[in-house]
Amino acid sequence: MLNNSIKKFMTKLAKPIASFDYNDTFSTFKGKGKALQLINEGFDIIIVSALTENNRTFIENQVKRTGIPVSKIYFTNGQDKYKTLATIPGVRRHYDNNQEQIDKIRKYLPNVQAIKF
C-alpha cells in the first residue's frame with residue numbers, strides 16, 4: 001500500500017508528458033516546434049514510434065539533435081501505440097498523423113488527449 005501511495009505522489013510531482021509519433025509528426029519542422037512549445041509550457045517530451053528496434057540508431061541520431069534524451073524513445077514494433085502509452089505514467093497528450101492510432105488512443109486511454117497532427 002505504501003508503494004502505491006509513493007507512486008501516486010511521485011506521479012503528481014512529475015511533469016506532464018506529451019508523446020509524439022516519430023514519422024511525419026516529430027520528424028517535421030512543425031513537430032519539433034510543437035515539442036519546443038510544450039517544453040516551454042512545462043511538459044516532458046517522449047517519442048513513441050511504431051517502428052521496430054532496427055530503426056533505433058537512425059531515430060536516436062535524429063532525436064539527439066533536439067536535446068531530448070534517447071531514453072525517452074519507445075518503439076512499439078508495429079503494435080498499437082496505446083499499449084505502450086498505457087505503461088508510461090503521466091502521459092497527457094499524444095500527437096500522431098495516423099487517424100487509426102488516434103481513434104484507438106481515444107477509445108482505450110480516455111485520459112490521454114490524442115491529437116491528429
Review point. Are Ile59 and Phe20 in one and the same hydrophobic cluster, where Ile, Leu, Val, Met, Phe, Trp and Tyr link if side-chain heavy atoms are under 4.5 Å apart?
Key: yes
**Study point:** Charged tip of Lys107 within 45° of Tyr82 ring normal and under 6.0 Å
**Key:** no
**Study point:** Phe43 six-ring face occupied by Lys15 cation (under 6.0 Å, within 45°)
**Key:** no
Review point. Is it the case that Gln101 and Asp80 place a side-chain donor and acceptor less than 3.5 Å from each other?
Key: yes
Check your understanding: When rounded to the nearest 0.5 angstrom, what is the spacing between CG in Asn55 and CG in Asn23?
Key -> 8.0 Å
Practice item. Return yes when atom NZ of Lys83 has more than 12 non-hydrogen atoms of other residues, nucleotides or ligands closer than 6.0 Å, and no otherwise. Key: yes
Review point. Do you know which two heavy atoms are closest between Lys72 and Ile45, and how far apart they sit?
Key: CD-O, 3.5 Å
Review point. Under 4.5 Å between any side-chain heavy atoms of Tyr95 and Val48, yes or no?
Key: no
**Study point:** With Lys116 via side chain to side chain contact (heavy atoms under 4.5 Å, CB included) - residues at least two apart
**Key:** Gln99, Ile102
Revision key, fill the gap. Residues Arg92 and Pro16: closest non-hydrogen pair is CG-CB, 3.6 Å
**Study point:** Ser27 side chain to Asp24 backbone, donor-acceptor under 3.5 Å
**Key:** yes
Review point. Below 4.0 angstrom, N of the basic side chain to O of the carboxylate: do Lys104 and Glu100 qualify?
Key: yes
